[in-house]
Protein chains: 2
Amino acid sequence: MPATIIDVARDCGYSKATVSRAFASPETVSERARERIYASAKKLNYAPNAIARAMVRRRTENIAFIIHEKQYPAILNPFYSPILEAVMQEGTRRGYSLFIAARQDMRLSNGDVYIKKQMDGVIFAGEADRRIIEEYRSQNIPVVLLNNHLELEGLPCVMADHFHGAVAATTHLYERGHRRIGLLAGRFSQQVTDARFNGYFSVLCQYGLPLERPFVVDLDPELDEAERVMTRLLQLPDHPTAFFCTNDTIAAGAVKAALRLGLRVPEDIAVVGFDDSSLSRVVEPELTTVRIDAERMGRLAANTLFDLIDGREAEELFMEVPTELVVRGTT
Amino acid sequence: MPATIIDVARDCGYSKATVSRAFASPETVSERARERIYASAKKLNYAPNAIARAMVRRRTENIAFIIHEKQYPAILNPFYSPILEAVMQEGTRRGYSLFIAARQDMRLSNGDVYIKKQMDGVIFAGEADRRIIEEYRSQNIPVVLLNNHLELEGLPCVMADHFHGAVAATTHLYERGHRRIGLLAGRFSQQVTDARFNGYFSVLCQYGLPLERPFVVDLDPELDEAERVMTRLLQLPDHPTAFFCTNDTIAAGAVKAALRLGLRVPEDIAVVGFDDSSLSRVVEPELTTVRIDAERMGRLAANTLFDLIDGREAEELFMEVPTELVVRGTT
DNA sequence: GTCGAAAATGAGAACGTTCTCATTTTCAGC
DNA sequence: GCTGAAAATGAGAACGTTCTCATTTTCGAC
């Protein structure tokens with residue numbers, strides 16, 4: 001039903017090759033031809049068919065962003081919003097369109113959807129299965145990992161420096177005079193969870209502070225859960241005076257719990273979060289937190305992917321963007 | 001480089017037609033053939049090429065979700081997260097993949113990207129340009145509008161009942177005893193802005209309350225901006241005791257401003273928000289707000305789109321999902 | 001073992017582009 | 001007006017599937 005290049009060719013009297021050129025590389029076509037062709041195209045309401053084009057060029061100009069966070073609704077995760085935004089911008093700038101998916105969705109009967117759909121490249125965010133990645137790469141589809149690290153030949157990974165972020169956060173609490181510092185650790189991908197814990201733990205070691213088991217807890221990174229856990233902890237006798245939380249949602253829950261128990265933040269209880277997500281400034285007092293330059297991560301991942309797509313080697317395989325403590329009201 | 005259907009056919013001794021069938025409709029192929037074909041496919045690392053398929057079927061199984069909110073970063077908008085999530089789920093369930101884009105990105109040199117890329121259908125969220133929509137429809141691409149309403153032949157629109165939400169919010173403030181109620185109105189798409197204002201205004205009229213110009217303000221729906229505006233208003237002599245805010249971000253900013261000025265919420269100043277977005281429960285006290293069943297909106301939009309794609313008429317063109325006041329701590 | 005219907009397979013033309021290679025046209029320089 | 005190089009155009013084979021229409025095979029019933 002819609003007009004094809006042949007209809008246009010017939011209408012304007014040029015060959016389909018010339019019509020094709022008029023759209024794909026206008027400068028190779030005489031001005032006269034261009035005008036006539038565009039006129040016909042407009043008349044016939046012709047739009048080039050990118051599918052047919054992709055078929056012969058073997059390039060779809062599409063990339064996919066696949067998020068998989070353990071136990072966490074993918075898109076809802078505010079942490080990924082600015083990353084996604086950056087990837088989108090960077091992609092658009094170079095003519096790519098963006099598919100998004102949450103991991104569990106992708107696996108169909110045979111082979112991965114985005115393999116079949118011939119993505120030019122794929123970014124895996126969060127948890128990622130080694131086998132899937134290898135499947136993509138065996139089809140020559142470039143892959144970049146984001147917020148996760150896997151040792152695979154030539155596989156670029158974009159991470160934030162979670163370790164030093166955690167170090168900064170914990171040190172900050174120490175410097176504020178706290179000697180007993182609890183940890184509320186969300187369950188994220190192994191890499192992230194480990195790095196943040198290690199940062200925290202290394203500071204405890206450095207200053208000879210105790211790791212107090214009952215006040216170091218794993219939990220789902222959700223507001224209610226964090227509030228519940230924190231409420232319980234604060235009712236224990238002899239609880240810490242400060243808590244390092246491995247993301248802002250948890251920190252927000254913790255602050256809420258403290259306030260509700262009539263404790264003052266930061267005077268009685270200090271809290272530091274992680275991510276500097278949009279919610280960090282919504283709570284009152286505003287969260288002291290560790291900023292991750294998410295936009296930069298997104299850009300980096302995208303541009304690395306484009307390098308691979310264009311056949312350039314990634315300049316670096318392990319890219320770690322720095323994190324930065326931002327001190328606000330909760331400490 | 002990657003294996004094609006022909007390679008598989010050659011390897012297993014069947015024709016490409018049969019191999020094609022083995023993947024597209026396995027039940028039409030003998031068990032023997034299926035096994036041999038799958039074995040060859042596996043051996044050759046064959047993955048069906050959805051682009052070639054799309055070309056002949058004239059169906060890509062892709063849909064696009066295009067967000068355009070005035071002055072507001074698209075994906076960052078927490079309002080759209082659950083909607084997107086629902087659209088994604090619903091789409092995946094039926095074998096569609098999802099493109100996302102922010103409006104300003106889409107327009108390339110000639111024709112819209114997603115027309116060229118042969119979307120099976122498109123959802124426009126927020127502000128949407130009549131001309132663009134007509135362009136899509138002229139190419140027989142089904143379109144559904146979300147959170148916006150345009151009178152166009154056969155164009156389904158999914159809206160929330162912003163009007164009655166605003167009515168409920170304002171009435172609630174009235175019933176709490178407030179007689180002077182300000183309005184902090186974010187700049188969204190015209191439809192939404194108007195509907196929410198009208199709901200507010202109709203309640204004022206109903207109870208004979210004054211519309212006090214200085215306390216009815218338009219603003220960008222951002223935290224800082226809202227805090228700034230609210231701080232100013234609260235320093236005016238004789239300010240209202242309650243404010244209806246047209247989204248939660250604004251409400252959060254308003255609450256923050258009040259608290260910082262040493263006012264008690266809700267005793268001195270009551271605030272109600274809109275959307276019941278994720279942040280509404282993060283602030284303390286938690287926001288009284290108007291819940292929009294965003295998931296339902298997403299589902300509705302997606303399913304309507306699939307109906308159109310499958311050639312079924314939309315059952316209804318104007319779909320309004322109900323809103324519901326949820327009373328929490330700020331009133 | 002034969003018949004006939006049903007099931008399974010194959011041949012080959014689409015689908016709408018791009019791209020290579022050849023051919024034609026244009027045009028500057030004389 | 002001729003020459004030759006450069007610019008513009010055209011013919012037609014790909015690209016990897018699906019699908020229609022034969023043709024072949026299978027198999028139950030007699």
Side-chain angles (χ1 to χ4, degrees), chain A residues 1-38 40-41 44-62 110-111 113 115-120 139-140, chain B residues 1-38 40-41 44-62 110-111 113 115-120 139-140:
Chain A
M1 198 65 205
T4 77
I5 211 171
I6 301 201
D7 300 321
V8 176
R10 194 175 303 129
D11 185 80
C12 66
Y14 283 93
S15 71
K16 65 187 159 106
T18 304
V19 175
S20 170
R21 277 185 286 249
F23 287 104
S25 43
E27 71 283 2
T28 65
V29 147
S30 71
E31 192 174 344
R32 211 170 81 102
R34 227 179 303 147
E35 277 169 13
R36 294 223 248 153
I37 290 172
Y38 290 166
S40 289
L44 300 176
N45 196 20
Y46 166 74
N49 181 327
I51 297 297
R53 172 173 231 255
M55 172 125 179
V56 3
R57 309 270 317 271
R58 289 183 172 112
R59 273 257 200 158
T60 54
E61 326 247 65
N62 293 154
N110 53 296
V113 197
I115 291 183
K116 299 198 210 162
K117 292 200 174 170
Q118 310 283 114
M119 294 297 111
D120 288 345
Q139 300 284 346
N140 291 319
Chain B
M1 198 63 206
T4 76
I5 212 172
I6 300 202
D7 300 321
V8 176
R10 194 176 303 131
D11 185 80
C12 67
Y14 282 92
S15 72
K16 66 186 160 104
T18 303
V19 175
S20 170
R21 277 185 286 250
F23 286 104
S25 44
E27 71 284 1
T28 64
V29 146
S30 71
E31 193 174 344
R32 210 170 81 103
R34 226 179 303 147
E35 277 168 14
R36 294 223 248 152
I37 290 171
Y38 290 166
S40 289
L44 301 176
N45 196 20
Y46 167 74
N49 181 327
I51 296 296
R53 172 174 234 254
M55 172 126 179
V56 4
R57 309 269 319 270
R58 289 186 172 108
R59 272 259 202 157
T60 55
E61 326 246 65
N62 293 154
N110 52 294
V113 197
I115 291 183
K116 299 198 210 162
K117 292 201 174 169
Q118 310 284 116
M119 294 297 111
D120 288 346
Q139 301 283 348
N140 291 318

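The structure presented is a predicted model; accordingly, all values stated were derived computationally and were not measured.
- Atom CZ in A:R59 sits roughly 24 Å away from atom P in C:dG16 (whole-Å rounding).
- Aromatic rings from B:Y46 and B:Y38 are positioned such that their centres are separated by 6.0 Å or more.
- In this view, A:Q139 and A:I115, A:I141, B:P2, B:N45, B:A47 satisfy the side chain to side chain contact (heavy atoms under 4.5 Å, CB included) rule, not counting sequence neighbours.
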What string of B, S and - do you get for nucleotides 18-26 of chain C, 5' to 3', when a contact is any protein heavy atom under 4.0 Å?
BBB------
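- Contacts of A:R10 classified as salt bridge (charged side-chain N to carboxylate O under 4.0 Å, His left out), with partners at least two apart in sequence or in another chain: A:D7.
- Between the CE atom of B:M55 and the P atom of D:dA14 there is a distance of 15 Å, rounded to whole Å.
- Separating the CZ atom of A:R58 from the C1' atom of D:dA14 is a distance of 9 Å, rounded to the nearest angstrom.
- The list of salt bridge (Lys or Arg N to Asp or Glu O under 4.0 Å) pairs with a residue in residues 29-38 of chain B, not counting sequence neighbours, is empty.
- Residues from residues 29-36 of chain A with heavy atoms under 4.0 angstrom of DNA chain C: there are none.
- Residue A:S15 places at least one side-chain N or O closer than 4.0 Å to OP1 or OP2 of D:dG10.
- Between A:I6 atom CD1 and D:dG10 atom C1' the separation is 13 Å, expressed in whole Å.
- Here A:D120 pairs with nothing under the salt bridge (charged side-chain N to carboxylate O under 4.0 Å, His left out) rule; sequence neighbours left out.
- Rounding to whole angstrom units, CD1 of residue B:I115 and P of C:dG16 are separated by 16 Å.
- Applying the salt bridge (charged side-chain N to carboxylate O under 4.0 Å, His left out) test to A:R59 and every residue at least two apart in sequence or in another chain returns A:D310.
- Side-chain N/O atoms of B:Y14 include none lying less than 4.0 angstrom from OP1 or OP2 on C:dA11.
- Listed by chain and residue number, nothing satisfies the ring-ring contact (aromatic ring centres under 6.0 Å, His included) test with B:Y14 (two or more places apart in sequence, or in another chain).
- For B:S20, the side-chain hydrogen bond (donor to acceptor under 3.5 Å, both in side chains) test picks out no residue, with sequence neighbours left out.
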